[in-house]
Every structure is written in structure tokens, then in C-alpha cells.
Amino acid sequence: MLDVRFVRENPEQVVKALEKRNYDSSVFDDFLKNEKSRKDMREEVDNHRMKLNDISGKIGMMRKQGEDVSQLLQGAKSLSDTIKNQETYLNEYEVKVRNSLLIIPNIPHESVPVGKDEKENVEVRRWGEPRQFDFEPLNHWDIGEMLEIIDFERASKIAGARFSLMKGLGAKLERALMNFMLDLNVSKGYKEVFPPILVNRESMTGTGQLPKFAFELFIISDPELYLIPTAEVSVTNIHRNEILSEKELPIYYTAYTPCFRREAGSYGKDVRGLIRQHQFNKVELVKFAKPEDSYDELEALTKDAEDILQKLELPYRVVALCTGDLGFAASKTYDLEVWLPAQQKYREISSCSNFEDFQARRANIRFKREGKKGTEFVHTLNGSGLAIGRTVIAILENYQQKDGSVVIPEVLRPYMGVDIIK
RNA sequence: GGAGAGGUGGCCGAGCUGGUCGAAGGCAGCCGCCUGCUAAGCGGUUGUGGGAGUAAAAUCUCACCCAGGGUUCGAAUCCCUGCCUCUCCGCCA
């Protein structure tokens with residue numbers, strides 16, 4: 001959420017940002033109109049309130065001295081009615097203003113490349129050389145089925161399309177990756193947490209999934225709860241409605257959680273294999289930082305995610321998302337894309353973003369500077385470190401052998417207990 | 001699921017037969033005094049958000065005693081709803 005005052009005072013900047021994101025700026029016109037009404041009405045109500053408080057005080061004093069108050073009472077009554085009446089309008093304006101504010105996206109950072117869609121994302125760097133195969137590399141789903149470590153058919157019997165059943169060493173690989181990543185992240189100073197997977201509406205609003213992206217969520221209606229699409233939601237909301245002290249910042253968390261996504265609007269996309277599932281595992285990195293540090297923290301967080309790929313010896317590249325591809329809440333995002341030999345493509349395996357104070361304002365996460373009055377919003381960041389399912393894909397495809405077996409990356413062997421799946 | 005108790009400022013804790021309560025008192029914190037150090041002691045001070053105001057302050061003002069409604073001229077105090085916490089019983093991984 002943007003700062004009301006900022007939006008009110010810098011409308012042209014906001015419009016410009018919306019245009020860069022290919023957003024329709026009509027929401028914005030409504031906002032300005034309602035915000036003006038809201039502000040005027042607020043002032044009027046406040047003034048009337050002051051008068052009423054004054055009269056009420058007098059009534060109290062006079063009563064105590066046994067004086068007649070019927071005259072004052074009459075005036076107070078009508079003033080009170082006026083206020084009540086105005087407050088219903090004020091309420092409407094406030095709701096409208098908040099509602100339009102909640103669906104206005106974040107303003108991209110000045111360093112974000114301007115572009116229309118993902119085609120105009122900018123490659124920042126590459127790591128590792130794609131392996132040269134002396135045979136035709138197979139898709140991960142073929143490898144998985146041949147090795148009997150992934151069973152798509154039974155998964156669809158149990159739950160439906162876009163689910164998977166991991167078996168034997170496949171299941172163990174999933175678990176090994178979670179443990180490996182968590183251990184590595186913890187060794188870098190991230191605090192491990194294991195949060196709720198079902199969250200309430202306030203949490204979903206806090207990180208920006210609601211109200212705009214309800215169609216992407218699995219929703220439970222009684223009681224009203226939402227399955228998280230990413231641990232970002234649970235973990236960022238740990239500090240919702242809190243005032244942190246300056247000295248406890250920055251805060252680093254890492255969490256493993258399952259994630260749930262409707263994948264509405266992605267019909268026909270990546271229907272085969274593990275790429276796009278309704279349920280998948282992910283290890284997440286989340287940071288709370290002071291505003292002046294947040295972009296350094298973004299670079300560091302991205303490096304931490306990259307380090308996982310490097311230790312697994314998987315070739316990847318880093319891409320800076322352009323304004324047209326940038327997520328709703330993000331100010332800046334780097335995607336990590338891992339090389340998939342069967343597709344001959346780099347595919348997203350991690351997304352690292354700085355949200356600046358966009359989420360913090362929605363979720364009301366503030367901090368207090370030492371010796372200073374008042375509070376400021378923190379900056380929130382997060383990134384996958386990493387998506388487990390997609391890491392499984394990358395390992396199966398990049399480490400496959402001619403005989404159909406898959407070699408286990410060095411760093412995972414202590415977690416797997418074997419060095420090859422065959 | 002059944003029966004009770006409760007949610008007040010950084011913490012503890014009064015107030016809850018409606019008015020002078022943003023809220024006693026204590027602790028903690030900050031500033032100053034005093035004491036050759038420390039402790040004790042003394043005086044002062046300390047929340048959040050919005051608006052007006054200022055070069056910036058000062059200052060003025062509205063709101064906030066879990067949340068949302070209601071009664072009333074006026075609510076931390078009365079009524080309703082929701083959420084959460086605790087105790088007992090039942091049930092359960």
C-alpha cells in the first residue's frame with residue numbers, strides 16, 4: 001500500500017508508475033476524489049467533536065452544582081446527531097479510499113528496467129556452464145517415472161491434475177533438499193521458523209495477496225482461512241502490528257512450508273511434470289530491514305539464494321524483472337533461473353524481491369530509531385531459497401546419466417545416504 | 001464440544017455504582033540533583049495515529065483502555081457481536 005499523503009501530494013508520480021506497469025490508472029481518479037471528500041469530512045467532524053466535548057464537559061460540571069442543563073442538553077443532542085450523520089459519510093469515504101489504495105501496485109524502484117513483459121527482463125549475470133550431453137537428455141517426468149520416484153497417475157487419482165506423488169528416493173530427495181537448504185540458510189544467520197500454513201484474511205491483506213488476487217488462492221470458508229501460496233505470507237506477518245526496536249534490525253528468517261496455488265489462468269501452461277503444481281514445497285528467505293539498508297539486503301539475499309544453486313552445481317542466470325513483469329507488491333525483483341537441459345531453457349527457481357515499505361504499511365510493521373521520536377515503516381524482503389519441486393527437476397535433468405540413473409550432487413549425499421538413484 | 005474467568009500504556013496493575021481518565025500506583029526507561037565509585041535517595045519526564053500550526057520547535061485539536069456495533073449530551077466504565085487468552089470437564093493426532 002502506498003502512503004496516502006504521498007499519493008495525494010504526488011499524483012503524477014503515481015500515474016507514471018502505473019503506466020510503466022501497464023496498469024489502468026482509472027482506479028486512481030476515484031481515489032483522488034474520495035480522498036478529498038474524506039479529508040474535508042474528517043476536519044468537519046473533528047471540529048464538531050471539539051464543540052461537543054466542550055458542551056458535555058460543561059453539562060457535567062453544572063449537574064454537579066445542581067444547575068439546570070436542559071438548554072445545553074438540547075444543543076448537545078442536535079450536535080451529536082449531526083456528527084453521527086457525518087460519520088456515516090466519513091466511514092464510507094474511508095472505506096473507499098482504503099479499498100482503492102489496496103489495489104494500487106507498488107512503485108518500481110528507479111533501477112528497474114522499463115519494459116512491457118517478461119521478454120524485456122534484463123539478464124544480470126550467469127553462473128555455470130550448461131552441460132554437454134552425448135545423448136538426448138530426457139524430461140524430468142520421464143526420468144521420474146522410469147526410476148519410479150514420481151507417480152503422476154496416482155497423484156491425480158488421489159487429488160487431481162497438478163499434483164504429484166513422490167516415492168522412495170524421490171520422496172527422500174524432496175526431504176534432503178529441504179534439510180540441506182534450511183541448514184545452509186541457518187548457517188548464514190537466518191532464524192528457522194515453521195509457521196501456520198493456513199492464515200487469516202488480515203495476513204493475506206498484509207502481504208498483498210488480498211484483495212486483488214483472491215482467484216489465485218485456495219480458500220476455506222468455515223472458518224474463513226486461506227492456504228498460503230508462499231511462506232512469505234506467514235513469515236512476514238509474524239511482525240504485523242508490531243513496533244520493532246532499531247537494534248533488532250535486520251531480522252532474517254528462513255522457513256520451509258508447503259505452498260498452495262490455484263494456478264487459475266495458467267491453463268495449458270506447463271501441464272506436465274512438476275513445474276506448476278497446486279501444492280509444492282518451498283524454503284523461503286524473509287528479511288526485515290531499515291530503509292537505508294534494504295537494497296544492500298536485496299543483493300545479499302539474492303546471493304544467498306544463488307549460493308544454494310552453486311553448492312548444488314546447477315547452472316543458472318540472474319534476471320532483473322522489468323516494470324511490466326514486476327509483481328504487484330514488489331519495488332524490485334531478481335529472478336533466479338536454472339538451466340533445464342530437456343527444455344534447453346532457463347526456468348525460474350527463485351524470486352527475490354524488495355517490497356520497501358509497501359507490505360509494512362499494509363501490515364503495519366514499524367520500528368523506532370534510537371533516541372528519535374515516532375516510528376517508521378520497515379522494509380520487507382523475501383526470496384525463495386529455493387523452490388524444492390523445481391530443484392528436483394533441475395537435479396533430475398542436469399544429473400541424468402545415459403543409463404537412466406541420476407547422480408546425487410555432492411552436498412546432498414550426506415542427506416540422501418546414497419550417491420545415485422537408479 | 002460443555003462450564004467458568006479475563007483482555008487497560010514497554011511490563012505489572014487500579015479504575016468498571018458513566019463526566020474533572022490518555023487514564024492512580026509500582027517497575028523499567030530517559031533527564032537533572034545529590035553521594036569521592038556503586039547502590040539507595042530527591043525532582044522532573046516518558047505512548048500511537050490523523051489534522052492545524054512552525055524554518056524547525058513550541059502550541060492547539062480529534063481519535064485510540066482487544067476489535068466492531070449500540071445506548072447516552074457524555075463510555076475504559078452499561079448493552080450486543082466477534083476475536084484471543086486462561087482454568088475445569090469431555091474428545092482427539
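Lettering follows sequence order; numbering is per chain, from 1.
- Between the CG atom of A:Leu244 and the C1' atom of B:G10 there is a distance of 14 Å, rounded to whole Å.
- Between A:Asp46 and A:Arg42 a salt bridge is recorded (basic side-chain N to carboxylate O distance below 4.0 Å).
- Listed for the A:Arg390 side chain is a donor-acceptor partner under 3.5 Å among the backbone atoms of A:Glu348.
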Every protein N/O within reach of nucleotides 59-65 of chain B N/O, cut-off under 3.5 Å:
residue	atom	partner	partner atom	Å
B:C62	OP1	A:Asn53	ND2	3.2
B:C62	O2'	A:Asp46	OD1	2.8
B:A63	OP1	A:Arg49	NE	3.4

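- Listed by chain and number, the residues in a ring pair (Phe, Tyr, Trp, His ring centres under 6.0 Å) with A:His379 amount to none (sequence neighbours excluded).
- Under the 4.5 Å side-chain criterion, counting only non-hydrogen atoms from C-beta, A:Ile197 is in contact with A:Pro258.
- Distance check on atom P: B:G44 versus B:G6 gives 37 Å, rounded to whole Å.
- For the C1' atom pair drawn from B:C84 and B:C66, the interatomic distance equals 8 Å after rounding to whole Å.
- An OP1 or OP2 oxygen of B:G49 is reached within less than 4.0 angstrom by a side-chain nitrogen or oxygen of A:Thr375.
- Between A:Lys58 and A:Asp54, at least one side-chain nitrogen of the basic residue sits less than 4.0 Å from a carboxylate oxygen of the acidic one, meeting the salt-bridge criterion.
- When each of B:A52, B:G19, B:G74 is scored by its nearest atom to the side-chain atoms of A:Lys39, the top-ranked nucleotide is B:A52.
- The same atom, C1', is picked in B:G49 and in B:U45; the two are 22 Å apart, to the nearest Å.
- Remark: C1' of B:G50 and CZ of A:Arg98 are 15 Å apart, rounded to the nearest angstrom.
- Rounded to a whole Å, the CD atom of A:Glu370 is 12 Å from the C1' atom of B:G29.
- If you measure from atom CD of A:Glu67 to atom C1' of B:C73, you get 16 Å, rounded to the nearest angstrom.
- Taking the six-membered ring wherever Trp is involved, the centroid distance between the rings of A:Phe28 and A:Tyr23 does not fall below 6.0 Å.
- Here the C1' atom of nucleotide B:G68 and the CD atom of A:Glu94 are 14 Å apart, to the nearest Å.
- At a threshold of 4.0 angstrom between heavy atoms, the contacts of A:Gly75 with the nucleic acid are absent.
- Comparing B:G18 with B:U72, their C1' atoms sit 9 Å apart, to the nearest whole Å.
- Heavy-atom nearest nucleotides on RNA chain B were determined for A:Lys368 and for A:Leu52, and the one closer to the 5' end corresponds to A:Lys368.
- Here A:Leu73 lies in heavy-atom contact (under 4.0 Å) with a base.
- In this structure A:Tyr346 satisfies the ring pair (Phe, Tyr, Trp, His ring centres under 6.0 Å) test together with A:Trp339, sequence neighbours excluded.
- Pairing partner, B:G25: B:C12, with both Watson-Crick or wobble hydrogen-bond distances short of 3.5 Å.
- At a threshold of 4.0 angstrom between heavy atoms, the contacts of A:Lys58 with the nucleic acid are absent.
- Applying the 4.0 Å criterion to OP1 and OP2 of B:G51, one finds that A:Arg5 has a side-chain N or O inside that range.
- You'll find that the side chain of A:Arg366 is closest to B:U48, out of B:C73, B:U48, B:G50.
- Rounded to whole Å, the separation between the P atoms of B:U48 and B:C11 comes to 13 Å.
- Rounded to a whole Å, the CD1 atom of A:Ile243 is 11 Å from the P atom of B:C11.
- Remark: B:G43 base-pairs with B:C31. Criterion, Watson-Crick or G-U wobble with two distances under 3.5 Å.
- With both pairing distances under 3.5 Å, B:A63 is matched to B:U48 as a Watson-Crick or G-U wobble pair.
- Between A:Lys290 and A:Glu376, none of the side-chain N atoms (NZ, or NE/NH1/NH2) sits under 4.0 Å from a carboxylate O, so this pair counts as no salt bridge.
- Going from atom CD of A:Glu224 over to atom P of B:C83 covers 12 Å, rounded to whole Å.
- Checking the phosphate oxygens (OP1, OP2) of B:U72, no side-chain nitrogen or oxygen of A:Ser80 falls inside 4.0 Å.
- The gap from the P atom of B:G47 to that of B:G22 amounts to 15 Å, rounded to the nearest Å.
- Every residue two or more places apart in sequence or in another chain that forms a ring pair (Phe, Tyr, Trp, His ring centres under 6.0 Å) with A:His278 is listed here: A:Phe163, A:Phe218.
- The nearest whole Å value for the distance from the NZ atom in A:Lys36 to the P atom in B:G51 is 14 Å.
- By the 4.0 Å N-to-carboxylate-O rule, A:Lys16 lies too far from A:Glu19 to be salt-bridged with it.
- In a base pair of the Watson-Crick type (N1 to N3 plus N6-O4 or O6-N4) or a G-U wobble (N1-O2 and O6-N3), with each distance short of 3.5 Å, B:G4 is matched with B:C86.
- Partners of A:Tyr252 according to the ring pair (Phe, Tyr, Trp, His ring centres under 6.0 Å) rule, which considers only residues two or more places apart in sequence or in another chain, are A:Tyr190.
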Every protein N/O within reach of nucleotides 90-93 of chain B N/O, cut-off under 3.5 Å:
none

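- Using a 4.0 Å heavy-atom distance criterion, A:Arg201 is classed as making no nucleic acid contact.
- When the C1' atom is compared between B:G19 and B:G74, the two are found 6 Å apart, to the nearest whole Å.
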